[in-house]
Amino acid sequence: MSITPAGCREYCATRKAQGKKPATYITELKHLRLALNWGVKHNLIKEVPFIEIPPKPAPRDRYLTKDEFEKLFEAAKAHHIKVAMALMIATAGRIEAILELTWGRVDFDRSKIQLQDRFTAKRQKGRAVVPMNASLRAILKTAYDNRTCQYVVEWAGRQVKSVRKGFQNAAEKAKLEDVSPHVLRHSAAVWMAEAGIPMEEISQYLGHSSTKTTRDVYAKYSPEHLATAANVLTFQVKCTPEQLFTGHFARYRKQPF
């Protein structure tokens, strides 16, 4: 069987039809290329055929305003969905980190939450130690006083493995479209950037390994982003804006739309 550009496109179409995201089949094709390069290096094959990899799609820019989040939170029925939402927005943590969080890593005395589990060998991407704000503290204190197991997000004395159904039900009730748990992490980062929080702090809050990653995604939301560059482009005119357009608007107001 030969590898051709047409075959690569057909493979992508098949994976898409199976419900896989572009990132999945793009990664698979890259792994195939790596494997073939390894084969050439070890004289198992003569050459690597051209593998056509589709361009990476632009990231979705969906995030919630604070009003939208409040509607989503109020629309959630079950207490464990509300606890999960509060944790996601206040810690900017990924849903996996939130659902695996135990009370032993919630420090009420120091108002800190350690999203990373130091006693596991499992890879934990983007998990930081973050402060507990007043809003989240009040919710967690109530949850703690009524806890029935070691997990913060629980139901009937057991760890909750997924909040997808309850989350989507709340989004539908709040009439919010294209909302997923990860949107809350993105929203938290956008809120911080819009408030002028330095990229270095946002990066630490998100648990990014590099500030560059944070800056590439969230710098555009900062009120200071490109402001210095914009000020360089100021220019002088010898008349007021009103004088500049005198007669122009009067002439066009006579024209019917």
Side-chain angles (χ1 to χ4, degrees), residues 63-120 124-164 166-167 169-171 173-174 176 179-208 214 218 221:
Y63 63 91
L64 299 181
T65 64
K66 290 194 174 183
D67 286 341
E68 286 179 324
F69 173 75
E70 290 173 5
K71 290 179 181 178
L72 180 69
F73 186 83
E74 291 301 320
K77 293 182 179 180
H79 74 276
H80 67 282
I81 301 297
K82 288 183 180 290
V83 171
M85 287 180 177
L87 279 165
M88 281 185 278
I89 200 68
T91 69
R94 288 184 171 85
I95 184 59
E96 295 83 5
I98 300 305
L99 297 183
E100 293 174 1
L101 181 65
T102 58
W103 286 115
R105 289 185 276 129
V106 178
D107 189 337
F108 286 106
D109 292 334
R110 296 177 177 80
S111 289
K112 299 282 186 181
I113 296 176
Q114 184 173 310
L115 294 177
Q116 187 175 39
D117 184 357
R118 294 176 295 177
F119 301 102
T120 182
Q124 297 181 312
K125 182 180 179 182
R127 300 196 185 191
V129 178
V130 297
M132 188 191 316
N133 63 33
S135 300
L136 179 60
R137 184 186 179 88
I139 291 173
L140 291 186
K141 191 65 174 64
T142 301
Y144 180 78
D145 291 341
N146 293 276
R147 71 193 184 282
T148 57
C149 74
Q150 65 173 327
Y151 290 97
V152 178
V153 182
E154 60 160 294
W155 177 258
R158 296 182 179 180
Q159 177 190 13
V160 173
K161 297 297 182 68
S162 175
V163 295
R164 184 172 299 278
F167 195 96
N169 287 341
K173 185 177 179 182
L176 297 172
V179 179
S180 67
H182 188 73
V183 167
L184 296 192
R185 174 176 166 86
H186 183 52
S187 301
V190 170
W191 293 2
M192 287 187 281
E194 288 180 336
I197 303 301
M199 288 295 122
E200 291 73 16
E201 288 189 38
I202 299 176
S203 182
Q204 291 182 37
Y205 214 99
L206 295 174
H208 285 169
T214 314
Y218 296 107
Y221 298 104

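- In plain terms, the two heavy atoms of I139 and A86 that are nearest each other are CD1-CB, 3.7 Å.
- Closest approach of L206 to A92, counting heavy atoms only: CD2-CB, 3.7 Å.
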message = Could you go through L184 and I95, starting from their C-alpha distance and side-chain angles, then the distance that decides it, and tell me whether this counts as side chain to side chain contact (heavy atoms under 4.5 Å, CB included)?
response = CA-CA 9 Å; L184 296 192; I95 184 59; over 6 Å; no
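- Of the possible donor and acceptor atoms, none in the side chain of S111 sits under 3.5 Å from a partner among the backbone N and O of D107.
- Between W191 and I89, the closest side-chain pair of non-hydrogen atoms falls below 4.5 Å.
- Rounding to the nearest 0.5 Å places CD of E74 at 9.5 Å from CZ of F69.
- One finds no salt bridge joining R94 and E100 here, because no Lys/Arg side-chain nitrogen approaches an Asp/Glu carboxylate oxygen to under 4.0 Å.
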message = Show, in sequence, the C-alpha distance, side-chain angles and deciding distance for T102 and V152, and conclude whether the side chain to side chain contact (heavy atoms under 4.5 Å, CB included) test is met.
response = CA-CA 5 Å; T102 58; V152 178; 5.7 Å; no
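- With rounding to the nearest 0.5 Å, the separation of CG in L101 from CD in Q150 is 10.5 Å.
- Counting heavy atoms from C-beta on, the side chains of C149 and R158 never come closer than 4.5 Å.
- Remark: the backbone N or O of Q114 is paired with a side-chain donor or acceptor of R105 at under 3.5 angstrom.
- For Y144, the OH atom is loosely surrounded, since the number of other residues' heavy atoms within 6.0 Å does not exceed 12.
- Residues Y205 and A128 share a closest heavy-atom pair of O-CB, 3.8 Å.
- Note that CD1 of I113 and CZ of R127 are 13.5 Å apart. Values are rounded to the nearest 0.5 Å.
- The main-chain N or O of V160 is never found under 3.5 Å from a side-chain atom of E154 such that the two would form a donor-acceptor pair.
- Using modelled atom types, one side-chain atom of K82 and one backbone atom of F73 make a donor-acceptor pair closer than 3.5 Å.
- If you take CG on L87 and CG on L140, they are separated by 5.0 Å, rounding to the nearest 0.5 Å.
- At most 12 heavy atoms of other shown residues, nucleotides or ligands fall within 6.0 angstrom of atom CH2 in W155.
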request  = Would you check, one step at a time, whether the test side chain to side chain contact (heavy atoms under 4.5 Å, CB included) holds for W103 with F108?
outcome  = CA-CA 10 Å; W103 286 115; F108 286 106; 4.0 Å; yes
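- Counting all heavy atoms, side chain and backbone alike, V83 lies closest to A143 at CG2-CB, 4.3 Å.
- Note on residues 131-149: pairs passing salt bridge (charged side-chain N to carboxylate O under 4.0 Å, His left out), not counting sequence neighbours, are K141-D145.
- Using a 30° and 60° split on the angle between ring planes, Y221 and H186 fall in the perpendicular class, above 60°.
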message = Is there a side chain to side chain contact (heavy atoms under 4.5 Å, CB included) between F167 and L72? Walk through the geometry before answering.
response = CA-CA 9 Å; F167 195 96; L72 180 69; 3.8 Å; yes
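- When all heavy atoms of A90 and L136 are compared, the pair lying nearest together is CB-CD2, 3.7 Å.
- Contact detail for V179 and A171: the closest heavy-atom pair is CB-CB, 4.4 Å.
- Distance alone, capped at 3.5 Å, places no donor-acceptor pair between the R164 side chain and the S180 backbone.
- Between T142 and H79 the shortest side-chain heavy-atom distance does not fall below 4.5 Å.
- Looking at heavy atoms from C-beta onward, L115 lies in side-chain contact with I98 at the 4.5 angstrom threshold.
- Under a 3.5 Å cut-off, the side chain of S203 and the backbone N or O of M199 do not form any donor-acceptor pair.
- Judged as a salt bridge (charged side-chain N to carboxylate O under 4.0 Å, His left out), the pairs with a partner in residues 187-203 (not counting sequence neighbours) are, in order, E200-R215.
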